[in-house]
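Side chains included, hydrogens not; waters and symmetry mates left out as well; all remaining heavy atoms used. Here the structure is a predicted model, which is why all the values come from computation and not from measurement.
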Amino acid sequence: MTPAVPVEGWEKAAADARQRVYDSIPAAWRLPAHLLEKASSSALKPSDCEGNDIGILSEKDISITTLLDVNELLTALAQGVWTALEVTTAICKRAAIAHQCTSCLTCFFPQEALDRAGELDRYLKTEGKVVGPLHGLPVSFKDLYGIKGKPSSIGLVSWLGNIVADDSLCAKATVEAGGILFAKTGTSQACLMVESINNIFGAIRNPHNPALSAGGSSGGEAALIAAKGSIVGFGTDGGGSIRFPAMFCGLWGLKCSKGRLPGKGLASTYDGSESVNAGLGPMSQSVSGLEVMLQTQLDAEPWLRDPGCIPMPWKEHEAVQNSRKLRVGIILDDGVVEPVAPVMRSMQTVMTKLAEAGHELIELPVQLTKDLHRRGTASAMKSNVQNGGRSVMKHIEASGEPVVPRTAVGSAQSLLTSEEIFANHMDRAKIAGEYAEIWQTFQLDAILAPAVAHPAPPHGQYISNSYATMYNMLDYVAGSIPVTTVQETDMPGSAWLQKEPYPRIEPVRFPYDLGDEEMKKLFTCRWNLRTIRGDDEGARRDYDSGKKSNESCLQI
């Protein structure tokens, strides 16, 4: 754990950090002043900056960064269709644009990346072979992954001077495989919120709609990849921190089980707590990106250098799709927050595709799964704040910066005694045993559930990490699959709005999450009245009622 470093004048320290990132962008890649002003008001998308009138991206840059399949890009690099220098230049230009539009980077070092790309090109030309499976591939990392000589601040002003002495094992394996490091990406304050807001870089904006959240705490990584400023990168997930941003930004995301990938070299404020099952994992525009990055990490045998890493190699035969039909358990509602219309539509879309492919869908017993998810969510919430903020608050107070609203720092009310922590561990084990019985009873191969109850909200207005945090508590492998986008027809229905909301989970110990009632208000009030059909008077009345009762609502 990095020690807290006192800071005099946190506002200036934060402003200096922002300036350093901006200064690292080559002058030729900087947006003109009128576009920077537009971006600062959340009115400029990275995709708005592709035109020739801006002059940053060439046609080749656009062609390279439009290729989203990692395997295809690696093949093009190995065959010399594009050089590593060309690919790295294109990606770095996109990353520069992405940051200026979304504030997604914490550290940017394009010249080092370009130098490394040149070395790889010379090796390929001289030796006639690639350095490794990631030869010439630019890979980005969430801020807490250590990269030698670069800061890991994880959204804390008192950590801005934390310059890392060595690469994390994940970064090291990437370089050894021929990958190119070029950027680190932003998080929430201390990585303690499923949105990415901190006092240094502000709120990371969604590249598809900058007025909306990119999710968190791996939100900078998601924003960068979705803006084509990276094709694949690494995040972490202690309660939805890969899956939230993956869903909000339309990416593939994979949360591995605890210890599957090496945690050595990652920054954290935790004081040795083993109560939170945080997992590492890749995020990408393609499913191939997840597979390539996971295989590369495991082929490096990280358990030989990190005793906390599970000695379980990549099994090629298990990654090959076979003809056997799957049994998929369905959870549509976790009993904590009922999903909104576009999320339910995405679920139905996937269920239809699975059924058409011949797979067996089994809707799991509703009351049983709701009970397990409510209990499991409560257990995870208690674990997340069990030390009452003693770990993180000293790092926040060292600089004098304020706590960002809804950062899960804990409080005197959340502090658990050792007996209470052990009791919570017992509860967790009991819930895990009951959940295991579901897998065996129904002979399941997988479970399909919403990644998040709602699409990307305005900044600071997410509802709950239900669904996601349950699978951290269970330490399951979990991922997020991009399916669709919100449509005008996804309006809130009368039956959904009139249904009695579920009670809040742990509102005293964990007040950072909201509940089902707040979800209904959020989703209703900012829904554009134009989307409500004239013949749906019930929905119109519900809209009018919600609009008057709440000002903090979801903008679709």
Worksheet item: Mind checking what makes side chain to side chain donor-acceptor pair (under 3.5 Å) contact with E356, not counting sequence neighbours?
Response: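 With neighbours one apart ignored, the set is empty.
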
Discussion item. Please enumerate all residues that pass side chain to side chain donor-acceptor pair (under 3.5 Å) together with R18, with sequence neighbours excluded.
Written reply: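 None.
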
Kindly say whether [Y] contributes a backbone atom to a donor-acceptor pair with the side chain of [X] at under 3.5 angstrom?
X    : Y    : result
E176 : A300 : no
H359 : L326 : yes
T88  : L85  : no
N199 : A14  : no
H208 : C249 : yes
N206 : S213 : yes
E316 : W314 : no
S257 : R260 : no
D16  : A13  : no
S168 : Y145 : no

Would you say that more than 12 heavy atoms from the other residues, nucleotides or ligands in this model lie under 6.0 Å from the [atom1] of [X], or not?
X    : atom1 : result
Q443 : CD    : yes
L67  : CG    : yes
K353 : NZ    : no

Atom [atom1] of [X] and atom [atom2] of [Y]: how far apart are they, to the nearest 0.5 Å?
X    : Y    : atom1 : atom2 : value
L105 : Y22  : CG    : OH    : 13.5 Å
I147 : F141 : CD1   : CZ    : 6.0 Å
M344 : D490 : CE    : CG    : 11.5 Å
S196 : H459 : OG    : NE2   : 10.5 Å
W439 : Y476 : CH2   : OH    : 6.5 Å
L280 : L261 : CG    : CG    : 5.5 Å

Regarding [X] and [Y], do their side chains bring together a donor and an acceptor under 3.5 Å, going by distance alone?
X    : Y    : value
Q348 : S346 : no
E195 : S188 : no
S140 : S230 : yes
R243 : N472 : yes
E301 : W303 : no

Worksheet item: L444 and L364: side chain to side chain contact (heavy atoms under 4.5 Å, CB included), yes or no, with the steps?
Response: CA-CA 10 Å; L444 300 178; L364 301 177; 4.1 Å; yes

Quick check: do [X] and [Y] have side-chain heavy atoms less than 4.5 Å from each other?
X    : Y    : result
V139 : I180 : no
Q189 : L156 : yes
I91  : F182 : yes
C101 : R205 : no
L251 : Q285 : yes
T174 : L181 : yes
S218 : F234 : no
V452 : V343 : no

Worksheet entry | L144, N198, T269, D237 screened by side-chain contact (heavy atoms from CB on, under 4.5 Å) with C191, the one that passes |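 In the set L144, N198, T269, D237, the residue that makes a side-chain contact (heavy atoms from CB on, under 4.5 Å) with C191 is L144.
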
Worksheet entry | Result of checking T484, V340, V483 against R345 for side-chain contact (heavy atoms from CB on, under 4.5 Å) |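 For R345, the side-chain contact (heavy atoms from CB on, under 4.5 Å) check succeeds only for T484.
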
Discussion item. Which residues pass the side-chain contact (heavy atoms from CB on, under 4.5 Å) test with A39, not counting sequence neighbours?
Written reply: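 A39: side-chain contact (heavy atoms from CB on, under 4.5 Å) contacts with L44.
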
Is [Y] paired with [X] through a side-chain N to carboxylate O contact shorter than 4.0 Å?
X    : Y    : result
R324 : E360 : no
K142 : E221 : no
K45  : E50  : no
D166 : K172 : yes

Fill in: Over-ring placement of K150 relative to F109, 6.0 Å and 45° cut-offs
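Yes, cation above the ring, under 6.0 Å and within 45°.
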
Item to complete: Mark yes or no: R327 above the aromatic ring of F442, with NZ or CZ under 6.0 Å from the six-membered ring centre and no more than 45 degrees from the axis.
Response: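 Cation-pi check for R327 and F442: fails.
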
Looking only at heavy atoms, which two atoms of [X] and [Y] are closest? And how far apart?
X    : Y    : value
A478 : Y471 : CB-CB, 4.2 Å
T469 : A380 : OG1-CB, 3.5 Å
P282 : L290 : O-CD2, 3.3 Å
I231 : I225 : O-CG2, 4.1 Å
A28  : I56  : O-CG1, 3.7 Å
G289 : V232 : O-CG2, 3.8 Å

Discussion item. In terms of relative ring orientation, are Y123 and H135 parallel, tilted or perpendicular, with 30° and 60° separating the classes?
Written reply: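 Tilted: the ring planes of Y123 and H135 meet at 30° to 60°.
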
Discussion item. Pair T236, I242 - check side chain to side chain contact (heavy atoms under 4.5 Å, CB included), show working.
Written reply: CA-CA 6 Å; T236 61; I242 286 175; 5.6 Å; no

Item to complete: Could you give me the CA-CA distance, side-chain angles and deciding distance for F108 and I25, then say whether side chain to side chain contact (heavy atoms under 4.5 Å, CB included) is met?
Response: CA-CA 7 Å; F108 188 41; I25 300 173; 4.0 Å; yes

Fill in: Pairs satisfying salt bridge (charged side-chain N to carboxylate O under 4.0 Å, His left out), at least one member in residues 116-129, at least two apart
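Found none.
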
Worksheet entry | Qualifying salt bridge (charged side-chain N to carboxylate O under 4.0 Å, His left out) pairs with a residue from residues 60-86, counting only residues at least two apart or across chains |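 Counting only pairs at least two positions apart or across chains, the salt bridge (charged side-chain N to carboxylate O under 4.0 Å, His left out) contacts touching residues 60-86 are K60-E86, D61-K93.
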
Practice prompt. Determine, stepwise, if the pair S284 / V70 fulfils side chain to side chain contact (heavy atoms under 4.5 Å, CB included).
Written response: CA-CA 8 Å; S284 181; V70 172; 3.8 Å; yes

Worksheet item: Got a sec, which pairs hit side chain to side chain donor-acceptor pair (under 3.5 Å) with one end in residues 97-107, sequence neighbours left out?
Response: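 Only T106-D143 qualify under side chain to side chain donor-acceptor pair (under 3.5 Å).
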
